[in-house]
Every structure is written in C-alpha cells, then in structure tokens.
*Asks:* 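Before I ask anything, here is the structure I am working with.
Every value quoted in this text rests on a predicted model; they were computed, and no experiment measured them.
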Amino acid sequence: MEEQFIRVLFDLKVERLTKEQPLYRIYVNDELFNERTWRWTSTDYLEELLQIKAVPGKYTVRVEKALPSKTRFNIDNMRVELGNARIVENNTIEILKNENT
C-alpha cells in the first residue's frame, strides 16, 4: 500500500498535582514523535500537531510522562486538518485508503 500524508491536531491538557514543570512525550503507536517541557498554568493547554506519512491503518496516539511525577495529561478535541483520515476514538487515527489508488 502507498503511504499517505496526514496532519492531525489535538489539544493537550494537563492536571498538575505537583509544582514541577512536567516533561512529556508523544508517541504514535510506538514511535516517539515529540518530547517537550512546558510551563503550564491552570488554564493552559497546548495545540499539538502531528504530521504523519504512513500506509492506511489505525494509529494510536499516547502521551506519557518522561519523568516520574503526579501529573496527568489528557488528549482532547483530536481532529484531522489535512489528508484522508478520521478519528475513530479520542486517541486513535485511521488513515483511509484513497479511492483512486
């Protein structure tokens, strides 16, 4: 199957239970896409961008803490900005087959 390019956005929200600045990693399936530290306030959230070139199929997005902490990360409002894909769960992207291939 031919690889397709998609662009996906989602809002990343944090619930900080300690004062340290949380370091997080974003994975698509088991591939590391991003690692970042952010100075959060109680009302902040980040709009994250994933650019993926892959064959049609399902891809799970997960956010993990990079260091032990009492922080929780939540993916919200995941949406496809570009490409032939859809969100099938809050954290799963399905790249669809192009009908003309």
Side-chain angles (χ1 to χ4, degrees):
M1 281 189 229
E2 188 175 324
E3 290 182 331
Q4 298 180 52
F5 177 79
I6 65 166
R7 188 176 310 135
V8 174
L9 300 171
F10 65 89
D11 300 335
L12 181 61
K13 299 179 179 180
V14 66
E15 183 180 338
R16 284 181 46 203
L17 304 173
T18 59
K19 292 184 180 185
E20 75 245 8
Q21 295 299 328
L23 175 66
Y24 66 91
R25 294 179 180 143
I26 299 174
Y27 292 87
V28 176
N29 285 350
D30 292 322
E31 185 176 342
L32 177 63
F33 266 60
N34 195 358
E35 181 175 291
R36 182 185 316 227
T37 300
W38 187 257
R39 294 179 187 247
W40 306 83
T41 66
S42 61
T43 59
D44 282 342
Y45 71 91
L46 297 178
E47 184 178 66
E48 287 285 352
L49 166 71
L50 299 175
Q51 297 188 96
I52 302 168
K53 186 174 183 183
V55 297
K58 290 185 179 180
Y59 297 87
T60 302
V61 177
R62 73 181 193 278
V63 177
E64 293 185 355
K65 296 178 276 189
L67 298 172
S69 71
K70 293 183 178 181
T71 303
R72 282 181 262 203
F73 294 99
N74 298 305
I75 294 173
D76 192 31
N77 192 27
M78 187 176 283
R79 58 225 180 257
V80 177
E81 183 183 56
L82 178 73
N84 190 18
R86 65 183 181 144
I87 307 305
V88 292
E89 296 173 10
N90 189 46
N91 65 339
T92 302
I93 304 160
E94 183 177 16
I95 299 176
L96 304 170
K97 294 178 186 177
N98 280 333
E99 294 185 18
N100 50 353
T101 58

*Asks:* Count the heavy atoms belonging to other residues, nucleotides or ligands that lie under 6.0 Å from OH of Y27, then report whether that count exceeds 12.
*Replies:* yes
*Asks:* Does some side-chain heavy atom of I6 sit less than 4.5 Å from a side-chain heavy atom of N84?
*Replies:* no
*Asks:* Could you report the tightest heavy-atom contact between L12 and V63, atom names first, then the distance?
*Replies:* CD1-CG2, 3.8 Å
*Asks:* State the CZ-CD distance between R7 and E81, to the nearest 0.5 angstrom.
*Replies:* 5.0 Å
*Asks:* Side chains of I26 and F10: closer than 4.5 Å at any heavy-atom pair?
*Replies:* yes
*Asks:* Salt bridge or not between R79 and E47? Use side-chain N to carboxylate O under 4.0 Å.
*Replies:* yes
*Asks:* Would a 4.5 Å heavy-atom cut-off, applied to side chains only, mark Y45 and D76 as touching?
*Replies:* no
*Asks:* Taking L32 as the starting point, is it possible to reach L49 by hopping between hydrophobic residues whose side chains are less than 4.5 Å apart?
*Replies:* no
*Asks:* What are the two closest non-hydrogen atoms of V28 and L50, and how far apart are they?
*Replies:* CG2-CD1, 3.9 Å
*Asks:* Give the C-alpha distance, both sets of side-chain angles, the deciding distance and a yes or no for salt bridge (Lys or Arg N to Asp or Glu O under 4.0 Å) between E64 and R25.
*Replies:* CA-CA 5 Å; E64 293 185 355; R25 294 179 180 143; over 6 Å; no
*Asks:* Establish whether F73 and I93 are linked, either directly or via other cluster members, by ILVMFWY side-chain heavy-atom contacts under 4.5 Å.
*Replies:* yes
*Asks:* Kindly give the heavy-atom pair with the smallest separation between Q4 and K97, and that separation in Å.
*Replies:* NE2-CA, 3.9 Å
*Asks:* What distance separates K13 NZ from R72 CZ, expressed to the nearest 0.5 Å?
*Replies:* 15.0 Å
*Asks:* Report yes if the side chains of L46 and R36 come closer than 4.5 Å at any heavy-atom pair, otherwise no.
*Replies:* yes
*Asks:* Decide side chain to side chain contact (heavy atoms under 4.5 Å, CB included) for R62 and D30; before the verdict, give the C-alpha distance in whole Å, the side-chain angles of both, and the deciding distance to 0.1 Å.
*Replies:* CA-CA 9 Å; R62 73 181 193 278; D30 292 322; 3.5 Å; yes
*Asks:* Determine the minimum heavy-atom distance between E2 and P56, stating which atoms define it.
*Replies:* O-CD, 3.6 Å
*Asks:* Let me know which of I52, I95, L82 forms a side chain to side chain contact (heavy atoms under 4.5 Å, CB included) with F5.
*Replies:* L82
*Asks:* When rounded to the nearest 0.5 angstrom, what is the spacing between CZ in R86 and NZ in K58?
*Replies:* 7.0 Å
*Asks:* For I75 and N90, run side chain to side chain contact (heavy atoms under 4.5 Å, CB included): C-alpha distance rounded to whole Å, both residues' side-chain angles, the deciding distance at 0.1 Å, then the answer.
*Replies:* CA-CA 7 Å; I75 294 173; N90 189 46; 4.2 Å; yes
*Asks:* Going hydrophobic residue to hydrophobic residue with side-chain gaps under 4.5 angstrom, can you get from V88 over to V55?
*Replies:* no
